[in-house]
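For ligands, and for the atoms within them, numbers begin at 1 and follow the listed sequence. This one's a predicted model, so the numbers in the text were calculated from it and none came from an experiment.
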Amino acid sequence: MPRSVKVGVIGAGPGGLLAARELRREGHKVTVFEKSTRVGGTWVYDPTTDSDPLSLAPDRVAVHGSLYRSLRTNLPRQLMGFLDYEFPEPSESFVDPRAFPAHKEVLAFLEAFARDFGIVELVRFGAEVVRVWQEGIEGWWAVEWRNTDGMVTAENFDAVVVCNGHHSEPMLAEIPGYGILTLLGNRIICFNPSCDIACRFKYHYPFLQINEFISNEDNRVGPLYKHVFPPPVAPWLSFVGIPNKVIFSLMFELQSRWIARVLSGKVTLPSEEDMMASIETYYQELEHVGRPKHHTHNLHPNEIEYLNWLASEVDLPPIEDWRLQMYRAAIENLKSHNDGYRDNWNAAYWTEKSISVPKRNPE
Ligand code: FAD
């Protein structure tokens, strides 16, 4: 008999929306805490800027989003969708039918997803999580949140899934000739060759009060088994969306499905010792190839291997060939540093490739 537990999800960006859907599908009772007033996370464009763009003042008024007004996706629209909920194909009825649409299109897609799967009803809006801790060893997980009136309330859960994103806290870099470069809250003070964002962002979990189990050292959040579960408290605490350089939408979906099934008992995790050993091996491999600690969660060039590993854990076939080919082509284009790569994309060819295969049916 699958186990059904009470789960608190922190954040209603794409990661939190997928976590909520997968958890509920698996029979868990879900509450999503979202500090803003709507779903969509990063994809909610906010024209205001941080009160302190260098993020030095502890009491700064922070802006969650870091989109700029003209931002378009850096992956083609087909790779922004989910396994059984595709990003709509271009059509005349669409506001922006381009292969790499503007950010508004992604937000509209996420809002439709949240509505169609009844996720909006699970979200407590204007609820900023300020503290998460465990009541005694193997006890409840308490989530304390502040509403828009400043009132603080706590509630107990069996499990907590952290989906608060990691594109809000800038990482500062001193570059000779340029000074301090950063990107924050809709203000870009740094650059990269594709005229998009530079991923210098910091992981930030100010609400987590479990320092004995998990730390964030030089942007390595750990120890985390497969970037998701801290072994000493697995599966009761988990993280969606930590890795970068990956097909984000697929990763959110697969990580979420894995968490939901581990919580229901359909999928078993290795022992704590084995998970720790696996993490240690991974760290040693990084060291061996000279990868700095702050690149711990940068999956490239092993991102597809990671996605396929997650898929196999939840009994799904490996990522379809068309998705892989499209992703590789998109990455090559991105690396070409050619600003026009989005508009030079052979949209007709790729659309044909993606629609010529049977689609997965929703469960
Ligand atoms: P977010 O989208 O950041 O959502 C986190 C949510 O948690 C937010 O709603 C926030 O309000 C909420 N939250 C945070 N803290 C708390 C708290 N304490 N209490 C309650 N709620 C909280 N990905 C792509 O696939 N394609 C792209 O083209 C692409 N372009 C990008 C461009 C930019 C400029 C950036 C910054 C990112 C881009 N990404 C892209 C990656 C993008 O971050 C992911 O697609 C995705 O939005 C991350 O989802 P998330 O749910 O992990 O985090």
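The pair Arg38-Glu111 meets the salt-bridge criterion, since a charged nitrogen lies less than 4.0 angstrom from a carboxylate oxygen.
Of the N or O atoms in Ser249, none lie within a sub-3.5 Å distance of an N or O in ligand 1. Looking at ligand 1, you'll find an N or O of Glu34 within less than 3.5 Å of one of its N or O atoms. Considering backbone and side-chain N/O of Ser36, none are found under 3.5 Å from N/O of ligand 1. Between Met80 and ligand 1, no pair of N/O atoms sits closer than 3.5 Å. Distances between N or O atoms of Val240 and those of ligand 1 include no value under 3.5 Å.
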Audit row: Trp258, Trp309, ring-ring contact (aromatic ring centres under 6.0 Å, His included) steps and yes/no: CA-CA 11 Å; Trp258 185 39; Trp309 184 89; 5.1 Å; yes

Working for side chain to side chain donor-acceptor pair (under 3.5 Å), residues Tyr282 and Glu287: CA-CA 9 Å; Tyr282 176 60; Glu287 210 171 313; over 6 Å; no

Stepwise side chain to side chain donor-acceptor pair (under 3.5 Å) test for Glu303 and His300: CA-CA 5 Å; Glu303 61 270 48; His300 191 68; 2.8 Å; yes

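A cation-pi arrangement is absent between Arg72 and Phe100 under the rule of less than 6.0 angstrom and at most 45 degrees off the ring axis.
Heavy atoms from other residues, nucleotides or ligands lying under 6.0 Å from NZ of Lys29 number 12 at most. Within a 6.0 Å radius of NZ in Lys104, other residues, nucleotides and ligands contribute 12 heavy atoms or fewer.
For ligand 1, the atoms lying closer than 4.0 Å to a non-hydrogen atom of Pro14 are 2 (O), 46 (C), 47 (O), 49 (O), 51 (O). Atoms of ligand 1 lying under 4.0 Å from any heavy atom of Cys163, numbered from 1 in the order shown and given with element: 5 (C), 6 (C), 7 (O). Close approach to Leu71 involves these atoms of ligand 1, each under 4.0 Å from a residue heavy atom: 32 (C), 34 (C). Here is the list of ligand 1 atoms found below 4.0 Å of a heavy atom in Thr73: 28 (O). Which parts of ligand 1 touch Phe207 is read off a 4.0 Å heavy-atom cut-off, strictly below it: atoms 18 (N). If you number the atoms of ligand 1 from 1 as listed, the ones under 4.0 Å from a heavy atom of Gly11 come out as 6 (C), 7 (O), 12 (C). Remark: ligand 1 atoms within the under-4.0 Å shell around heavy atoms of Phe248 are 23 (N), 24 (C), 25 (O), 41 (C). Ligand-side atoms of ligand 1 in range of Gly165: 3 (O), 5 (C), 52 (O), 53 (O), range being under 4.0 angstrom from any heavy atom.
Partners of Asp116 by side-chain hydrogen bond (donor to acceptor under 3.5 Å, both in side chains), not counting sequence neighbours, listed by chain and number: Tyr85. Legend: residues meeting side-chain hydrogen bond (donor to acceptor under 3.5 Å, both in side chains) with Lys293, ordered by chain and number and at least two apart, are Glu217.
When the options Asn164, Thr42, Val39 are ranked by their closest heavy atom to atom 2 (O) of ligand 1, first place goes to Thr42. Looking at Phe239, Phe100, Trp43, it is Trp43 that brings a heavy atom closest to atom 29 (C) of ligand 1. When the heavy atoms of Val123, Asn74, Leu107, Val130 are ranked by distance to atom 27 (C) of ligand 1, first place goes to Asn74.
Using a 4.0 Å cut-off between heavy atoms, Pro206 makes no contact with ligand 1 at all. Contacts of His166 with ligand 1, taken as heavy-atom pairs under 4.0 Å, are absent altogether. Under 4.0 angstrom from ligand 1, the non-hydrogen atoms of Phe252 all belong to its side chain.
Residues Phe82 and Phe109 place their aromatic rings such that the two centres sit under 6.0 Å apart. Between Phe33 and Trp145, a ring centre-to-centre spacing shorter than 6.0 Å is recorded. Ring pair Trp345/Trp350: centre-to-centre distance below 6.0 Å.
The closest approach between Gly241 and ligand 1 stays at or above 4.0 Å for every heavy atom of the residue.
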